[in-house]
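Written out below as C-alpha cells is the structure these notes cover.
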Number of protein chains: 2
Amino acid sequence: MSSSSPAGKKATKATIRADNEKLILEAAEAVFAESGFRGATTSQIAERAGIPKANLHYYFPTKKVLYRQVVHNIFTIWLEAANSFDDCDDPVSALSSYISLKMDISRQYPNGSKVWANEILHGAPVIQDYLETSLRDWTQSRVIIINRWISEGKIRPVDPNYLLYMIWSTTQHYADFNHQIETLNQHSPLTDIQFETAKKTVISIILQGIGATPNDRS
Amino acid sequence: MSSSSPAGKKATKATIRADNEKLILEAAEAVFAESGFRGATTSQIAERAGIPKANLHYYFPTKKVLYRQVVHNIFTIWLEAANSFDDCDDPVSALSSYISLKMDISRQYPNGSKVWANEILHGAPVIQDYLETSLRDWTQSRVIIINRWISEGKIRPVDPNYLLYMIWSTTQHYADFNHQIETLNQHSPLTDIQFETAKKTVISIILQGIGATPNDRS
DNA sequence: CGTTTCCTTGACCATATGGTCAGGATGAGC
DNA sequence: GCTCATCCTGACCATATGGTCAAGGAAACG
C-alpha cells in the first residue's frame with residue numbers, strides 16, 4: 001500500500017513514521033486550505049493521503065492536533081522568511097527582498113497562506129498564542145527599524161504598522177485570492193512573466209510610495 | 001417572542017416576513033463570517049436570530065440558499081461603492097475616494113468582507129458566476145480607465161490589474177484580518193484616529209507610488 | 001365569526017463525522 | 001525463527017447537523 005516509501009528507501013520503523021506523518025501533513029494542509037478547519041473532514045484528509053482514516057488517527061489523535069501542527073509548520077516558514085528583513089540596513093534592499101520573498105512564498109505555499117488567512121478570519125481560535133507572542137514580537141522589532149529609517153530620512157514618515165499591513169495583505173493576496181486572480185486572468189494561473197510583473201509593480205509602488213526609491217532626494 | 005417587531009410597528013403579514021428575513025440574514029452574515037459556510041450551523045444562525053431552527057427553514061429552505069442571499073447582498077454593496085471610481089476623471093480624486101470608501105466599507109461591514117474572503121479562499125464554490133460576470137466586467141472597464149491615465153501621463157506606467165489587486169487586498173485587509181490587527185493593537189479595535197491614519201497612509205503610499213501626487217512632476 | 005392563508009415550532013429522521021477498538025500485520029532485536 | 005513493539009485497519013459508536021412534518025396559532029378577509 002502507499003505507506004511504503006515511494007523511492008528506493010526501505011521501510012524501516014523510522015522512515016515509516018516520518019513518511020506517513022509527512023503524507024498526512026501535506027494532505028491536511030491542502031484540505032484545510034480548501035475547506036477550513038470545520039469544513040475539512042478527517043476522511044477527506046486520509047483519502048488524500050492514501051491511508052485509512054483509522055491510520056490517520058493513529059498518528060494524530062484528533063483533528064485539532066493535526067491542524068495545529070499544520071499551522072505551526074506554516075508559521076515557521078513564514079517567520080524564517082521574515083528574517084530577510086534584517087539582512088540589510090538599507091530600506092530599498094530590505095523591503096525589496098522582503099516583499100519579493102513574501103510573494104514567492106505566496107506562490108510556492110499558497111495552501112499555507114490560505115490556512116493562516118482562514119484561521120485569522122475566524123478569530124484565530126487555535127493559534128491566538130502565536131499572534132500574541134511571535135508575531136507581536138516580530139512586528140514590534142520591525143516597527144523600530146522602520147522608525148529608524150524615518151528618523152534617518154531614508155523614507156518619508158509613514159506609520160510603520162500600516163505599512164507592514166499593506167505589505168502583508170498585498171503579498172498574501174496572491175495566495176489567498178489566487179482563485180479570484182485566476183478567474184480574472186482568463187481562468188489561467190499567472191505565468192512566470194506575469195508574476196514577475198506583479199512583483200515589480202508591488203515593490204515599485206511601495207518603495208516609491210514611501211519615498212525610498214534609489215534615486216532619493218539625497 | 002422576538003418575532004414581534006422591536007419598535008412600534010404592528011405585526012402585519014408583510015412586516016413579519018420582512019422583519020424575520022432581515023433578522024435571519026443579519027444573523028447569518030455574522031455566523032457565516034465567523035465560521036465559514038460549512039462551519040456555520042443553521043441552529044447557530046437561528047439561535048442568534050432568536051427564532052427556532054424550523055422557522056429559519058420556513059423562510060430559507062436550505063442553508064445554501066441563505067448563504068447565496070448573504071453573499072449577494074454583500075456583493076451589491078461592494079459594487080455600488082466601486083462606482084465612486086468613476087465620479088472623477090482625475091486619478092488623485094478617483095483613487096482617493098475609492099480607497100477611502102473601500103476602507104470605510106471594511107470597517108462598517110467587516111462580516112460581509114469576511115464572507116467574501118472565505119468564499120474566494122475556498123475556490124468560490126457558490127459565487128463563481130459573480131466573478132465571471134460582474135467582477136470581470138467591472139475590472140476590465142477600470143483597467144481601461146487606468147490605462148488612459150497612464151497614456152495621458154497622469155500616473156506612471158504600472159500594470160492596472162496589479163494596482164487594483166493591491167487596492168483590494170490592502171483595504172479589505174482591515175476587515176478580513178481585523179482580528180490580527182486588533183491583537184497587534186493591544187487587543188483593542190483601531191480608534192477613529194488610528195483608522196484615519198491608516199487610511200491616509202494607504203492612500204498616500206499608493207498615490208505617491210504611482211506618481212499621482214497632487215504636486216506632480218508637471 | 002368563519003375560513004383561508006400564512007406563520008410558528010417541538011419532535012423527529014437520515015446522514016455524516018470525529019473518534020475508538022480489537023485484532024491482525026510487519027519490522028526490530030536477539 | 002521467536003518475541004516484542006510498533007503499525008495498520010475494518011467495523012463500530014455517539015453525537016451533531018441539515019432538513020422535514022404535522023399540528024397548532026395568528027392575521028386577512030369576507
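Naming: A, B, ... by sequence-line order, numbering from 1 per chain. Side chains included, hydrogens not; waters and symmetry mates left out as well; all remaining heavy atoms used.
Within the 4.5 Å cutoff, no side-chain heavy atoms of A:Y165 are placed close to those of B:Q180. Considering only heavy atoms from C-beta on, A:M166 comes within 4.5 Å of B:I206 through its side chain.
Salt-bridge annotation for A:D137 and A:R142: absent, with no side-chain N of the basic residue lying under 4.0 Å from a carboxylate O of the acidic one. Using a cut-off of 4.0 Å between Lys/Arg side-chain N and Asp/Glu carboxylate O, A:R148 and A:D89 are scored as salt-bridged.
Applying the 4.0 Å criterion to OP1 and OP2 of C:dG10, one finds that B:N55 has every side-chain N and O outside that range. Contact annotation: B:R17 side-chain N/O to C:dC7 OP1/OP2 distance is under 4.0 Å.
The stretch residues 57-68 of chain B touches DNA chain D through B:H57, B:T62, B:K63, each having a heavy atom under 4.0 angstrom from the strand. Less than 4.0 Å separates DNA chain D from at least one heavy atom of each of the following residues of residues 30-43 of chain A: A:R38.
Closest approach to the B:N20 side chain among D:dG18, C:dT8, D:dT9 is made by C:dT8 (side chain taken as heavy atoms from C-beta onward).
Looking at residues two or more places apart in sequence or on another chain, you find a salt bridge (Lys or Arg N to Asp or Glu O under 4.0 Å) between A:E196 and A:K199.
In this structure, A:E47 places its CD atom 14 Å from C1' of C:dA16, rounding to the nearest Å. Distance A:I51 CD1 to D:dT9 P: 8 Å, rounded to the nearest Å. The distance from atom CG of B:L23 to atom C1' of C:dT8 is 14 Å, rounded to the nearest whole Å. Rounded to an integer number of Å, the gap from CD1 of B:I16 to P of D:dA27 is 6 Å. Separating the CD1 atom of A:I45 from the C1' atom of C:dA16 is a distance of 15 Å, rounded to the nearest angstrom. Protein atom CG of B:L56 is 13 Å distant from nucleotide atom C1' of C:dT9, rounded to whole Å.
Interatomic distance, A:S188 OG to A:I181 CD1, rounded to the nearest 0.5 Å: 12.0 Å.
Ring geometry, A:Y98 versus A:F85: the interplanar angle exceeds 60°, so the pair is classed perpendicular (tilted spans 30 to 60°).
Nearest heavy atom pair, residue B:T170 against residue B:Y174, reads O-CD1, 3.3 Å.
Defined by atom type and a distance below 3.5 Å, a donor-acceptor pair is missing between the side-chain atoms of B:H173 and A:Q172.
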